[in-house]
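Each chain gets a letter, A, B and so on, in the order the sequences are listed, and its residues count up from 1.
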2 protein chains.
Amino acid sequence: MRKDDYNKRKRLGMKVTKPTIKNIARAAGVSTATVSRALAYKNNLKPATAKRIRQIAQEMGYHKNVAASQLASNMTNTIAVIINYTQTDFWIGILNGILHRARELNHQVITFYAGDNDSRRLTQTVNEALEHQANGILMISGKMEQEQVNILSTAHMPYRLISIYNPEHRYVSSNNVEIGEQATNYLIKRGHRRIGLVGIDHYLTGQQRLFGYQRAMTEAGLPINPQWIHYGDYSYQDGKKLFSAIQDGSVTAVVAGSDMIGAGLIKAATQSGWRLPEQLSIISIDGSDICELTTPELTTVSQDFYQMGLTSVDNLLQDQPATFIPTTLIERDSVQTLPTEK
Amino acid sequence: MRKDDYNKRKRLGMKVTKPTIKNIARAAGVSTATVSRALAYKNNLKPATAKRIRQIAQEMGYHKNVAASQLASNMTNTIAVIINYTQTDFWIGILNGILHRARELNHQVITFYAGDNDSRRLTQTVNEALEHQANGILMISGKMEQEQVNILSTAHMPYRLISIYNPEHRYVSSNNVEIGEQATNYLIKRGHRRIGLVGIDHYLTGQQRLFGYQRAMTEAGLPINPQWIHYGDYSYQDGKKLFSAIQDGSVTAVVAGSDMIGAGLIKAATQSGWRLPEQLSIISIDGSDICELTTPELTTVSQDFYQMGLTSVDNLLQDQPATFIPTTLIERDSVQTLPTEK
DNA sequence: ATGAAAGCGCTAACAT
DNA sequence: ATGTTAGCGCTTTCAT
């Protein structure tokens, strides 16, 4: 019963018994301690008493007051998740996994939305999370500046970056360097020599994928033309836009920074009358479920975001070191094998 | 600082000052009340004092204990959101909207995952939400049985069903009857007479869309063949599967229960060598962002899920009556206009 | 097996 | 403008 409701009925002279352990205790003729024990299913009290108390609690419509409980016990069993706005919705799968595992481990999840990579806002959000005395914080959030790090460390709050591989922090993520390398190598093995990298961002994730791309090319003894690298925000829109950047035919294949980029490229290319994959082979990074369904021809280096969510919770609560989630190469029809030159 | 951390340092004989208003008060030489006021930015205290106190709090790494605060003030400013597993991820947009508006209105959002439409689990989840003394509960959750309703009403907890139009409850949703009617009418106006309805569910949402479909057909004086109605779970997979059910050419057009169903139908039809929309016109219901991007040729009756999230919060907090979110018809290339017969 | 009582950290009346 | 104080509802020692 809410307070206003309670007060209203009280004003009207109605007899009201606010469902608290105190009132349950009175009704049952026992002490509050006994009620507390009964409701927590402690085993050091007579089963009959316990059952009777629970019965009464039920009848009174009792629900534990978590605030009071947490305050008294100094335990919250809560995981705070901070989410930033992103163009893609990869975080859904992660959140799903987090919610699932947290529930298994008897933890609450409290979700905070930090908006659009605004640093002030992120600071505020971190502070909010801290106020909840959570067991830890999971950040699905690209940016993380010194300011927020300082707050977290002075508060002695464990945290993990999810899906963001940043060696300066603890993270649960795919290995973006390897992803870039893996995707590029796949194209190289199929005979491609002029390979583009399209739609990566300017931050850590993008730079790591770029590094992997460069490593693969270099190790294969292939030259890299800076004109083959194109930046974007991982969105479908940018995928469509960026097609113009590779329309000159300078590359025979591209690594798309995300499924959405890949889908956009395919769309724009098809609209321009290109035949795929004959005129352009595409491999994409990510492999979110939705795109897997709607652009099923796309070869991808796929991340299991749900698994990432599960692992995040374990990693945080068990204080494990930084962890990579393995990726899977899913072959489909968007890459053509070229005849090996010379 | 967490308790174990605190205790450890204490054990080691380190001097520790747990950051509480009490300790801040001592450090600042004022009372806890003054500290509380300063930190809450109340205006009835000397700016200089307030500033000094906040300074000290900052230095001590203080973060309000929400549990204590909520307990003392008897206010939580929290909205509980209950999410069920669904085949489609339409709820992302809704959650996004909820998170956004909640933050604007200075409310926390606590997210509960109720799993896969398991009634016991849903009951448990509702109870958990209740324990947080939230201001209200938003349920993005198809099933809602008498058991859960009873719990909610005895707890006097305001709640809303989101995206589920159920006249027995308060809801924020699109009008599924109208959606079905609107989609069907669109096809009728374009000269179609044998119209299928594919991929709806057996629950309220599906039945309402079916009702709208029937109303449109009947008002147009068109017969309805039960063979034209096919059930599914709104997924892409089911869309592909259900193509076989209409492959006999008995209908010239279909209303697809969701974008995903529509996308699946298109895929399967194309794979079978059909030319679309000449051989089959498709209009879909939903219009989630992702599909809009990846299956852009699909004509849809589109719902604005983000708006639904925004409205949900307002509706709940301002105790407004049940509300429909308007839908938009988005015309694209998936419907063919037939020559009017006779 | 149960009770008594001391808080948890904070807020908000009331007092000064 | 600031201090005093009585709780909020619960958990948890310590008694019995």
Side-chain angles (χ1 to χ4, degrees), chain A residues 1-4 6-7 10 16-54 57 60-77 130-133 155, chain B residues 1-4 6-7 10 16-54 57 60-77 130-133 155:
Chain A
M1 171 161 22
R2 287 173 307 152
K3 191 182 189 178
D4 51 351
Y6 176 79
N7 287 341
K10 195 163 183 181
V16 279
T17 326
K18 207 177 175 185
T20 63
I21 55 168
K22 199 184 192 176
N23 285 327
I24 295 171
R26 186 172 317 151
V30 296
S31 73
T32 60
T34 304
V35 176
S36 178
R37 286 170 188 132
L39 296 175
Y41 288 84
K42 304 270 182 194
N43 49 14
N44 53 350
L45 69 163
K46 208 153 60 184
T49 324
K51 205 174 162 192
R52 187 167 53 91
I53 290 173
R54 281 189 224 111
M60 291 180 65
Y62 172 83
H63 295 278
K64 181 207 286 203
N65 183 326
V66 169
S69 170
Q70 289 183 354
L71 183 58
S73 67
N74 197 23
M75 313 222 62
T76 61
N77 279 21
L130 250 19
E131 294 180 355
H132 278 262
Q133 337 281 172
Chain B
M1 172 161 22
R2 287 173 305 155
K3 192 181 190 177
D4 50 352
Y6 175 79
N7 287 341
K10 196 164 183 179
V16 279
T17 325
K18 207 178 175 186
T20 63
I21 55 169
K22 201 184 193 176
N23 284 328
I24 294 172
R26 186 173 316 150
V30 296
S31 73
T32 60
T34 304
V35 176
S36 178
R37 286 171 190 132
L39 296 175
Y41 289 84
K42 304 271 182 194
N43 50 16
N44 51 351
L45 70 164
K46 206 154 62 185
T49 325
K51 206 173 161 192
R52 188 166 52 90
I53 291 173
R54 281 189 223 112
M60 292 180 64
Y62 172 83
H63 294 278
K64 181 205 286 201
N65 183 325
V66 170
S69 170
Q70 289 183 355
L71 183 57
S73 67
N74 197 24
M75 312 222 61
T76 60
N77 280 20
L130 250 18
E131 294 181 354
H132 279 262
Q133 336 284 149

Specify the separation, in whole Å, of atom [atom1] of [X] and atom [atom2] of [N].
{"X": "I53(B)", "N": "dA1(D)", "atom1": "CD1", "atom2": "P", "result": "13 Å"}
{"X": "R37(B)", "N": "dG3(D)", "atom1": "CZ", "atom2": "P", "result": "8 Å"}
{"X": "R26(A)", "N": "dA4(C)", "atom1": "CZ", "atom2": "C1'", "result": "16 Å"}
{"X": "Q70(B)", "N": "dC10(C)", "atom1": "CD", "atom2": "C1'", "result": "11 Å"}

Within-4.5 Å side-chain heavy-atom neighbours: H132(B) and T76(B):
no

Inter-axis angle, terminal five-pair segments of the helix from dA1(C)-dT16(D) to dT16(C)-dA1(D) [nearest 10°]:
30°

Classify the nucleic acid contact of V30(B) as base, sugar-phosphate or nothing, counting any heavy atom under 4.0 Å across all strands shown.
sugar-phosphate

Which one of N65(B), I53(B), V35(B) satisfies the side chain to side chain contact (heavy atoms under 4.5 Å, CB included) criterion with I21(B)?
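By the side chain to side chain contact (heavy atoms under 4.5 Å, CB included) criterion, I21(B) pairs with just one of N65(B), I53(B), V35(B): V35(B).
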
Give each protein N/O atom lying under 3.5 Å from an N/O atom of nucleotides 5-9 of chain D, with the pair distance.
residue, atom, partner, partner atom, Å
dC8(D), O2, L71(B), O, 3.4
dC8(D), O2, A72(B), N, 3.1
dG9(D), OP1, K18(A), NZ, 2.4
dG9(D), N2, A68(A), O, 3.3

Between V66(B) and Q133(A), does a side-chain contact (heavy atoms from CB on, under 4.5 Å) hold up when you go through it step by step?
CA-CA 8 Å; V66(B) 170; Q133(A) 337 281 172; 5.9 Å; no

So which atom in [X] and which in [Y] form the shortest heavy-atom distance, rounded to 0.1 Å?
{"X": "V30(B)", "Y": "R52(B)", "result": "CG1-NH2, 4.2 Å"}
{"X": "A38(B)", "Y": "A50(B)", "result": "CB-CA, 3.9 Å"}
{"X": "K18(A)", "Y": "M60(A)", "result": "O-CE, 4.2 Å"}

Output the distance between atom OG1 (T32(A)) and atom CZ (R37(A)), rounded to the nearest 0.5 Å.
9.0 Å

Interatomic distance, S36(B) atom OG to K64(B) atom NZ [nearest 0.5 angstrom]:
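Between atom OG of S36(B) and atom NZ of K64(B) there are 8.0 Å.
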
Decide yes or no on side-chain contact (heavy atoms from CB on, under 4.5 Å) for R54(B) and L39(B), but give the supporting numbers first.
CA-CA 6 Å; R54(B) 281 189 223 112; L39(B) 296 175; 4.1 Å; yes

Compare side-chain N and O positions of S36(A) against OP1 and OP2 of dC10(D) and report whether any pair is under 4.0 Å apart.
no

Taking only side-chain N and O atoms of T34(A), does any of them lie within less than 4.0 angstrom of OP1 or OP2 on dG3(C)?
yes

Within residues 42-52 of chain A, which residues have any heavy atom lying less than 4.0 Å from an atom of DNA chain C?
N44(A), L45(A), K46(A), T49(A)

